[in-house]
Amino acid sequence: MDRICAMFDSFCKTVSRNYYRDLLRAEKCRNDHYKEEPVDYLFELLGHKDAYPSDSFVLDADGHSCVVESETLYEALKSLPEKQRKVLLLDFWRNLTDGEIAERLEVTTRTVYNLRHRAYQAIKKFYER
């Protein structure tokens, strides 16, 4: 009977030791494969937004395409006179200075400022409608 008790005791200790080793091995594996990453990075890996050409609208500014994603803004820009629209597109999409815009449109920098101001007012009125 003592021998059976000794064998059972040895078996229990072996099972406990192996279970503990399995837990350590699993924790090491988890730490190796799952680093603490920023959540935004993981979302970026897991999914993305589909972009289709039909979802955006394109305006021309001095031979360059300017993509507008909002249909309302696109319509507001289309309602502007040509010079006002060009000033906004060259300013915001091409990042040109007032001096560079004035050179391209062959006007003064004050005229560029006035055209931009009138364009802002027209867009504001468009959005209020």
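The NZ atom of Lys86 sits 14.0 Å away from the CG atom of Leu80 when rounded to the nearest 0.5 Å. The distance from atom CZ of Phe57 to atom OG of Ser65, rounded to the nearest 0.5 Å, is 15.0 Å. How far SG of Cys66 is from CZ of Arg85: 10.5 Å, rounded to the nearest 0.5 Å.
Enclosure of atom CG in Leu23 by more than 12 non-hydrogen atoms of other residues, nucleotides or ligands within 6.0 angstrom is indicated. Within 6.0 Å of CZ in Arg3 there are 12 or fewer heavy atoms belonging to other residues, nucleotides or ligands.
Linking ILVMFWY residues whenever their side-chain heavy atoms come closer than 4.5 Å, directly or via other members, places Val112 and Leu96 in the same cluster.
Sorted by first and then second residue, the ring-ring contact (aromatic ring centres under 6.0 Å, His included) pairs involving residues 85-129 (not counting sequence neighbours) form an empty list.
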Let me have the donor-acceptor pairs involving side chains of residues 99-109, under 3.5 Å, with sequence neighbours excluded, atom names and distances please.
residue : atom : partner : partner atom : Å
Glu100  : OE1  : Thr97   : N            : 2.9
Glu100  : OE1  : Thr97   : OG1          : 3.4
Arg104  : NH1  : Asp62   : OD2          : 2.6
Thr108  : OG1  : Thr111  : N            : 3.2
Thr108  : OG1  : Thr111  : OG1          : 2.8

Test log, rule side-chain contact (heavy atoms from CB on, under 4.5 Å), inputs Leu89 and Arg94: CA-CA 7 Å; Leu89 294 176; Arg94 297 291 317 251; over 6 Å; no
Under the criterion side-chain contact (heavy atoms from CB on, under 4.5 Å), I'd like the reasoning laid out for Asp98 against Val87: C-alpha separation, chi angles, the key distance, then a yes or no. CA-CA 9 Å; Asp98 285 356; Val87 166; over 6 Å; no
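Across every non-hydrogen atom of Lys83 and Leu115, the tightest pair is CB-CD1, 4.1 Å.
Here Glu75 does not pair with Lys78 in a salt bridge; the nearest charged N to carboxylate O distance is not below 4.0 Å.
Looking at Ser10, Cys12, Cys5 one by one, the single match for side-chain contact (heavy atoms from CB on, under 4.5 Å) with Phe8 turns out to be Cys12.
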